[in-house]
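Report on the following structure.
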Amino acid sequence: MADAQKPVTYIKTPIAIHYDYSIGTGSSTFMRAIREGRILGSRCPDTGKVYVPPRLSSVETASPMSELVELPDRGVVYTYCIVNIKFYDQVLEIPYAYAYIVLDGADSAIMHLIQECSVEEMRPGMRVQAVWKDPSEWTESLENIRYFKPTGEADLPIDTIMNQIRKKSYA
Amino acid sequence: MREVAIIAFGQTPNRRKELHRNDAEMVAPVVAEVLKGVGLSRRDVDFTCSGSSDFLAGYSFSWVMAIDALGAWPPIQESHVEGEAAWALYEAWVKMLCQEEIEVALVYGFGRQSMSSPREVMVLMNDPYLETPLWPDTISQAALQARALLDAGLCTERDFAEIAVRNLRHAESNPLAQLSGRPDPDALLETPTIASPLRKHDCPPITDGACAVLLAAGDRARELCNRPAWIRGLAHRIDVQALGRRDLTHSHSARLAAEAAGAIGTRVDIAELHAPFTPQDWILQRELEITEGTVINPSGGIHQGNPMMGAGLVRFGEVAARIIRGEADRGVAHATQGPCLQQNMVGVLEGE
Amino acid sequence: MANRCAVIGIGQTKHTDRRLDVNHVGLVREACNRALEDARLPWKNIDALVIGKAPDTIEGVICPELYMAEALGMAGKPLFRVHTAGSVGGATAIVGTELIGAGLHDKVLVLGWQKQSESDITWALSPNLPFDPPLMAGAGGFFAPHFREYIRRSGAPDHIGIKVAVKDRRHALRNPYAHLHQPSVCFEEIRDTPMLWDPLRYGETCPSSDGACAMVLSSEKFADHGSARPAWIHATEMRSEPTIMPGRDEVNPRAGRDCAAALYKKTGITNPRKEFDCAEIYVAFSWFEPMLAETLGFAEPGEGWKLSDSGATSLEDGGDIPWNCSGGVLSSNPIGASGTLRFAEAALQVRGQAGERQVDGARLALAHALGGASQFFAMWIVGSEKP
Amino acid sequence: MELNDHEEALRGDHVLQYPYRRATGPILGRFFTEIRDHGRLLGMKTAAGKVLCPPVEVDPDTLEDLSVDDLVEVGPAGCVTSWTWLREPRPGNPLERPFAWALIRLDGADSALLHAVDAGSESAMRTGMRVVPRFCDERSGGIRDIACFVPED
């Protein structure tokens, strides 16, 4: 044995578990709409909050949510992160920014990339809109939206917006 | 000791494959159903505890998504066990014993076996240095235990088949059963083995599902339920895991748990045994000293449906439901995890 | 009500990035043996074991406590597994406390552990799921937006995060078990580390560790058995809240505020900064210190950074409320044990066993563990006097 | 628009895959080293005088830690204490043709080891039969350095 002199101190035990992974109804509804270039949310019957992606039941009250709401592809940045580190499966050029984006008419934030904007210019309250891939490339993925970019409109008061959302919360 | 009872039980229909809902979406309606059944809202729940497995779910922190479906607002007192949800019931019971302000507890479990091959995934429960590298599937391991029973002359393959037949026959009255029927044991014995001496009928089905029970203490239980299923005893024990170190014809830990729970030597009307494989049903009958007058697995046991990580909790729910409905006065519920009945929990439930 | 419960034995491993000399059993036994020795009890005398660990994907074994059951002395006994994300080490100690509180056992071993070196932590925590494009690039990336929001709201200066990291790493030099021992650590050294997830620098993040921590808990009957005076458990509390609730305050989560309020109510605490002698708080990233100071009532909303800036939380600076004298999660992070370590380090303080990291005359200490998206809280208060 | 679950959910292939690298600790390290370098099998001698193979690290009776000094040679032949015939081998198994899983008590040991037996057919298997290990030609340290066991002549 080549290594005969060196005692065994570790073993390698590779594991590969395959799944036929199902994402459930709420996410499927969202992904099927996004395949057609539409963004859907659902409205909580108790608080009126709109969730994106839609969910079958309210996070706060557990009530079934059956009302779907179509949302525009523009919104406002709540908070964000500038990433300066490359992870092994990451294809994005660093630095890049992703933000919590509250779409107009929504209460929950989605997370997405912000581009066409230097990281120094990023700020909470910034108005952004989606930049879509060509419709021929659309699949069931939020990656149909390549990124969000600034609209150039005046910033919105983010504290006022977040306080309005919080006021709706179930007491 | 404070009196604690199971006052409600609910589960999804046992299905080979849940085509629509994810874990959280399966759990939410079951939880809503058990609460509604006793006229409570989620805000009346003082403690919540669940059981699940990340490797079964296919991602880490799988139970967190379920919390997002429970209406956990304002924030709740909540915990989680990795593994079979019967242990979540144990945690809730202990909390109720020592915290008087916890009057109502919700316990749930869930799993979707259909997404992967549980026969392989559950191999990851074995020794990662000595056993998992060989990938001894769960059916093969159970077969080593079955062979030990045959070699000892304790039972026959026909005994195994008759256990399967009994379970499937009982399942005919279970509207949520995935499998039921009245197969002929002789015909079953003509079928090929998967891992000899085990055949398909000796093994549990692959099931997707979720289940929930509600616990309540003392007068609160009486107020919410005409006939609470009081937990008279509850205990769990574990054995060494390596099959080559165990007398596989016994489950030492099942007996110890049964003794500690007060299940030995008392008359019970029904027993629900979490025996994934038919030989284990036989072993449990012996360790729990279940006698002639006891109906075993009136629900059909887990051969009618095996929502893994919830199937043991379902056993508690099935016994409790019969007591609550007045169909039984006293019953034993059993849950297990680990290969070949390694870890066992036994509860004695009783109506007033 | 619940029977009294005390910590009578504490043991931990030297936390490090790779414990290549031991397997799972070797790692956990090392901590347990030390705890049992401290409790002056043999393995045989333990009635039950509660074990906590974060995701099984990290080691690639489903419920590894099952295969280790005999090596953990539990053949024929009750062994119980808890998993509540990062708060699990705290939740584990709480379950152990309740087993004794309920009168079910007299001597319970609680154990938290993780051997992160067996896989890649980022992979284990966030595998790429179908239909779910990856964006965050690690746990730091998940929390960085929350830190940014805290800074925006409070007007905290950038140096606070650096200062907290330096403070905890300096504390770690007093703790022989801490993973990171950086004798030269200073403001400039942390400041000059790469900005990974702006506003979070590499030097402001926790390491990835192999480690274990065990405690022997006992009923009143055996409370004097240990080699030092018992740490009496005065109260425990847990709270959870949803992950994705719109308008959830990630900066100052209500679950944390409620958890602290309930805990303080049980024990009559009205001024935590004044009444506790020290605290072990789950600060995995530097900015969690000022944020949690507000959540846990050590500072008014928006003022937590001033507490950190003032040196009040520093043992070296003679602060009035030292936080994480052990070096905290910022200096050692075997995830499943990190909460147990917080609970155990608080107990070490009130037992007077904390060596160079001892707060003089510590009588009452707070411990806190945090999990998920700052949504799972587990806390306890331990004291040198009976509750 | 109404949200309902009338339509099947979307599904996708997902793999949880990782090459876990595990430290063996001294006792299993020695056990694997002996197999790799010398084709020798070791068992652990406990305080009560029992020999356990595969070796344990903690004495089951005293609960004290055991050491590499307590390892003793066992086997290599042994007898089957229980077995099952697997008609269709599964991914990752030691053999790709039908084989038996067996618990094998090696000569000199008081406990049994789980491994595969390449017996050709189910009819060749019986409890109590004698088997010997077949080691891999290329050995890298680990339980799979034993390719399988085979019936003793």
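None of the values given here were measured: they were computed from a predicted structure. Here is how names work: the chains are called A, B, and so on, in the same order as the sequence lines, proteins then strands, and each is numbered from 1.
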Value rounded to 0.5 Å, distance of NZ in D:Lys50 from CZ in B:Arg245: 7.0 Å
Residue selection (most heavy-atom pairs with chain D, distance under 4.5 Å) from B:Ala148, B:Pro192, B:Ser140: B:Ser140
Between B:Gln113 and B:Thr207, a side-chain donor and acceptor under 3.5 Å: no
When B:Leu134, B:Asp127, B:Leu19 are compared by non-hydrogen pairs under 4.5 Å with chain D, the top option: B:Leu134
Measure distances from D:His6 to the heavy atoms of chain B and classify the residue's part below 4.5 Å as side chain, backbone, both or neither. backbone
Would you mind telling me which of B:Glu18, B:Met115, B:Glu120 has the largest number of heavy-atom pairs within less than 4.5 Å of chain D? B:Glu120
Heavy atoms only: give me the nearest D:Ser111-D:Cys53 pair and the separation to one decimal. OG-N, 3.1 Å
Looking at every non-hydrogen atom in both residues, tell me the closest pair between D:Trp101 and D:Asn93 and how far apart they are. CZ2-ND2, 3.4 Å
Taking all non-hydrogen atoms of both residues, which atom of B:Arg255 and which atom of B:Arg286 are closest, and how far apart? NH2-O, 3.1 Å
For B:Arg42 versus B:Trp73, what's the shortest heavy-atom pair and its separation? NH1-O, 2.9 Å
Select, from D:Glu88, D:Arg11, D:Met125, the one with the greatest count of heavy-atom pairs under 4.5 Å involving chain B. D:Arg11
With a 4.5 angstrom heavy-atom cut-off, could you sort out which part of B:Ser116 is near chain D: side chain, backbone, both or neither? neither
Chain B contact via D:Pro98 - which portion, at a heavy-atom distance below 4.5 Å: neither
Is B:Ile194 close to chain D through its backbone or its side chain, or both, or neither, when contacts mean heavy atoms under 4.5 Å? backbone
Among D:Glu8, D:Arg90, D:His115, D:Arg87, which has the most heavy-atom pairs under 4.5 Å with chain B? D:Arg90
Looking only at heavy atoms, which two atoms of B:Thr336 and B:Gln342 are closest? And how far apart? OG1-N, 4.3 Å
With only heavy atoms counted, which part of B:Arg119 is less than 4.5 Å from chain D, the side chain, the backbone, both or neither? side chain
Per-residue contact mode, D:Ala102 against chain B (heavy atom under 4.5 angstrom): backbone
Using non-hydrogen atoms and a 4.5 Å limit, figure out which bit of D:Arg105 sits close to chain B: side chain, backbone, both or neither. neither
Looking at D:Leu52, D:Leu113, D:Thr24, which has the largest count of heavy-atom pairs under 4.5 Å with chain B? D:Leu52
Region of D:Leu86 in contact with chain B, defined by heavy-atom distances below 4.5 Å: both
Whether the D:Glu122 and B:Ser196 side chains hold a donor-acceptor pair (N or O, under 3.5 Å, no angle test) is what I'd like checked. yes
Residues D:Pro89 and D:Leu95: closest non-hydrogen pair is CB-O, 3.4 Å
For B:Leu150, is it the side chain, the backbone, both or neither that has a heavy atom under 4.5 Å from a heavy atom of chain D? neither
For residues B:Gln141 and B:Asp137, is any side-chain donor paired with an opposing acceptor at under 3.5 Å? no
